[in-house]
Amino acid sequence: MTEQFKISLPDGSVREVEPGATPADIAAAIGPGLAKAALAARVDGELRDLNRPFEGDADLALVTSRDVDDALELVRHDYAHVLAEAVQNLFPGTQITFGPSTDDGFYYDFAPPADHGPFTEEDLPKIEEEMRRIIARDTPLEREVWTRQQLIQWFRDNGETFKAEWAAELPEGEELTVYRAGDWLDMCRGPHLASTGKLKPDAFKLTRVSGAYWRGDQKNAMLSRIYGTGWLDKKQLKEHLHRLEEAAKRDHRKLGREMDLFHLQEEAHGSVFWHPKGYRIWRELEAYMRRKMDGAGYREIKTPQVMDARQWEQSGHWGKYRENMFVIPDEVPNTADDGALVSDEVDWMALKPMNCPAHVLVFKQGITSYRDLPIRLGEMGCCHRNEPHGALHGLMRVRQFTQDDAHIFCTEEQIVEEVRAFCELADTVYKDFGFTYSIKLALRPEQRFGSDEDWDKAEEELRNAVREAGMATDEFGWEELPGEGAFYAPKLEWHLTDAIGRTWQVGTIQSDRVLPERLDAAYVGEDGEKHRPVMLHRAIFGSYERFIGILIEHFAGRLPAWLAPVQAVVATIVSDADDYAAEVAAKLAAAGIRVETDTRNEKINYKVREHSLAKVPYLLVVGKREAEEGTVAVRKLGSDERQRVTGVDEFLAELKGEAAAPDHRG
RNA sequence: GCCGGCUUAGCUCAGCUGGUAGAGCAACCGCCUUGUAAGCGGUAGGCCGUUGGUUCGAAUCCGACAGCCGGCACCA
């Protein structure tokens, strides 16, 4: 008489099964529909294979495609395995490595055969085809527990050096499993679907290829990665591809060109040429941020673009970041007729990669009393960093950028209050742009300066400040990120969520005790002795370049009226209305509205289309009728509302509210 | 920096296996005075990224370099 296992189901019922029984057996016992729909099982909360026998009494929940998160994870992981098998079928000699699921699909990293070279996009269609064949074959996926030695031996015998290396390094005590699909197998923790046929042949697509370092380390071999997107059914795949197309339409590089905001060119790659319309956005943002910072007790300064290398040596940047700094010889003249003239003993200078050392130098002028603290020094600081070329990306990653930077010099006791106040300032700013955001605390990295006690303290201060602001909650996406901090301090990060759900890290505040020490910043305390201030580095936009890029993508170019470079266009229908159009425009301009007129000899359809594509918030159409009646026909961009005819003053009153910056509205 | 791809008119893109370039839109010039997302006709516009090579001949084939795109790594 064998012992029976008691399996509890989510509805509260309990089934008794023989040892050796599996979740699949239970699904079958409940009904054929469920047996077919079941993808995997949660056994005591752990996601498991449908065919893995119970090991004792257990709580069981069968996972179907209705459990979307689990189902997608399973399906994507399976697609990755099928991809690996397909590639090995088509390209014998290819080594497999890793293939996880991602946010929208999966990838797998391969080491292609020595005589083949990396995979290219041209390979993708035939790999997809092979994947469909594998799915159609409907091969069962079987879990097997192997010993480490078996694994290493098997992979070595099959020329799988990467897998063998990995198997040798897996932590002791872990159950090592392989999943077998017919003749093919991969070492994998699982779980997997019961068979390849559970995948939909039309719900995935291989999207791109790229290089990726083995184990993510630049020092290692470059592998060939194949990305795919994978879903539960064809409809989801189509929706996803559609979302990608929509996202591409928001691309700030494309909109920046179409809207004539800025351009980039080879001769200054990684630095932005702002055009009048783009710089108008910048100026509005800058004016807004100045008001916010003035109002929050910051004082703005301006510091040198170029400083002597000795200064950077002292601050520590020379040692750590010299590779990414633009360095120039301090020699006059530095050219001669026969070429460059740079002597051996030249002094070096560097363009500033950040503002903080200069701010410490300002702080150090004169003697500071504890009564003066906190001192908040702000700067719209233009910095240069010689970024790795492969990292450059439109406005999002540039070599010259301007930060809404500030450093708060304060006492230990003032840290929490200053950080708390910053949380509130950042909150008002992000809300003014309609962003939701989450706050993360990036904790100590492996490589760092300072003692563990200092780190304990610094982390706790930031944590407390966010708690005191009432923002260390789920509502604010509060989360701690181990290992993500800067080498000198933990940092709080603000991650914006844009209109299509992408996140962007923009704001930050971090406490720094290292730099004041290195640059010997001090204040005189109550006791008459010298003390080190703590320095809080902080920014809200991050950089103007990147923030504008994010705004363009967030609004899909349709900036709110207060940021729109041109807020209204007066477009005529007939030339008889030209004078009236000029009159209307003059009136708006006198009220501070950025307005243009369009009196070209074109049909109104044409003008409407053009200004709509240019994302002008308001189009005021004037014809004979409006000229006679003193009205305008208002067409608001992106509004479903039908154009309406209204008096100029009424319209102006309405637009003035919208055209004012959020902090200037009543 | 690493892997792959790309680079032709202001923009978007054609140009097969080598015979010194083509479209649409934009621009300019006319006609049309127009009522809410492209009126019609015409004209002009190109060192085919740069540079070496192969060839009688290169936008086209090969190499180097640069920039861009997608990733990887990096992001004080």
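Convention: sequence-line order gives letters A, B, ...; per-chain numbering from 1. Just so you know, these numbers come straight off a predicted model, no measurement behind them. What you see below is based on every heavy atom in this structure, not just the backbone, and it leaves out hydrogens, waters and symmetry mates.
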Looking at B:G71, B:G35, B:G4, which one has an atom nearest to any side-chain atom of A:R208?
B:G71
Closest to the side chain of A:S210, out of B:G71, B:A37, B:A76, is B:G71
Checking all strands, does A:N324 fall into the base, sugar-phosphate, or nothing category for heavy-atom contacts under 4.0 angstrom?
base
Of the candidates B:C3, B:U33, B:A27, the side chain of A:M222 sits closest to B:C3
Counting side-chain heavy atoms from C-beta on, which of B:A26, B:G1, B:G35 comes nearest to A:Y606?
B:A26
Where each residue is assigned the nucleotide of RNA chain B containing its nearest heavy atom, which of A:H384 and A:P118 is assigned the position nearer the 5′ end?
A:P118
Candidates B:C74, B:U33, B:A37 - which lies nearest the side chain of A:P388
B:C74
A:R225 CZ - B:G70 P separation (whole Å)
16 Å
Nearest to the side chain of A:E626, heavy atoms from C-beta on, is which of B:G35, B:G1, B:A37?
B:G35
Residues two or more places apart in sequence or in another chain: which of them pass salt bridge (charged side-chain N to carboxylate O under 4.0 Å, His left out) with A:K603?
none
Distance check: side-chain N/O of A:K491 vs OP1/OP2 of B:A76, anything under 4.0 Å?
yes
Would you please name every residue forming a salt bridge (charged side-chain N to carboxylate O under 4.0 Å, His left out) with A:R448, sequence neighbours left out?
A:D452
Quick check on contacts: within residues 548-557 of chain A, what sits under 4.0 Å from RNA chain B by heavy-atom distance?
none
Sort and list the pairs that fulfil ring-ring contact (aromatic ring centres under 6.0 Å, His included) and have at least one residue in residues 540-560 of chain A, not counting sequence neighbours.
A:W282-A:Y544, A:F433-A:F541, A:F433-A:F547, A:F435-A:H554, A:F541-A:Y544, A:F541-A:F547
Between B:A73 atom C1' and A:H389 atom NE2, what is the distance in whole Å?
15 Å
Has A:H269 got a side-chain N or O lying under 4.0 Å from the OP1 or OP2 atom of B:G67?
yes
Can a salt bridge be assigned to the pair A:K249 and A:E246 using a cut-off of 4.0 Å between side-chain N and carboxylate O?
yes
Pairwise P distance for B:C72 and B:C56, with rounding to whole Å:
47 Å
Non-neighbouring partners of A:R76 that pass side-chain hydrogen bond (donor to acceptor under 3.5 Å, both in side chains), sequence neighbours left out:
none
Atom CG of residue position A:D103 - does it have more than 12 heavy atoms of other residues, nucleotides or ligands inside 6.0 Å?
no
Minimum-distance nucleotide (side-chain atoms of A:Y227 versus B:A37, B:A73, B:C72)
B:C72
So, is A:R253 close to the B:G70 phosphate, meaning a side-chain N or O under 4.0 Å from OP1 or OP2?
yes
NA contact type, A:E266, heavy-atom cut-off 4.0 Å: base, sugar-phosphate, or nothing?
sugar-phosphate
Measure the distance from CG on A:L244 to P on B:G71 and round it to the nearest whole Å.
10 Å
B:U43 to B:G22 separation - P atoms, rounded to the nearest Å:
14 Å
Please determine whether a side-chain nitrogen of the Lys or Arg among A:K254 and A:E258 lies less than 4.0 Å from a carboxylate oxygen of the Asp or Glu.
yes
Any donor-acceptor N/O pair, A:E654 side chain to A:F651 backbone, under 3.5 Å
no
Value in whole Å for how far the C1' atom of B:A26 lies from CZ of A:R609:
12 Å
Select one nucleotide: of B:A76, B:U33, B:A37, the one nearest the side-chain heavy atoms of A:S612.
B:A37
A:R257 side-chain proximity, nearest of B:G67, B:C11, B:U36
B:C11
Have A:Y298 and A:R538 got a donor and an acceptor in their side chains that come within less than 3.5 Å?
yes
Please determine, for the side chain of A:T120, which listed nucleotide (B:G71, B:G4, B:A38) has the closest atom?
B:G4
Any chance you could encode RNA chain B as dot-bracket? Rule is Watson-Crick or G-U wobble with both distances under 3.5 Å; [ ] for pairs crossing earlier ones, | for another strand.
(((((((..((((.....[..)))).(((((.......))))).....(((((..]....))))))))))))....
Can A:F110 and A:H116 be said to form a ring pair (Phe, Tyr, Trp, His ring centres under 6.0 Å), step by step?
CA-CA 12 Å; A:F110 301 97; A:H116 184 275; over 10 Å; no
Establish, with yes or no, whether the OP1 or OP2 oxygen of B:A37 is under 4.0 angstrom from a side-chain nitrogen or oxygen of A:N605.
yes
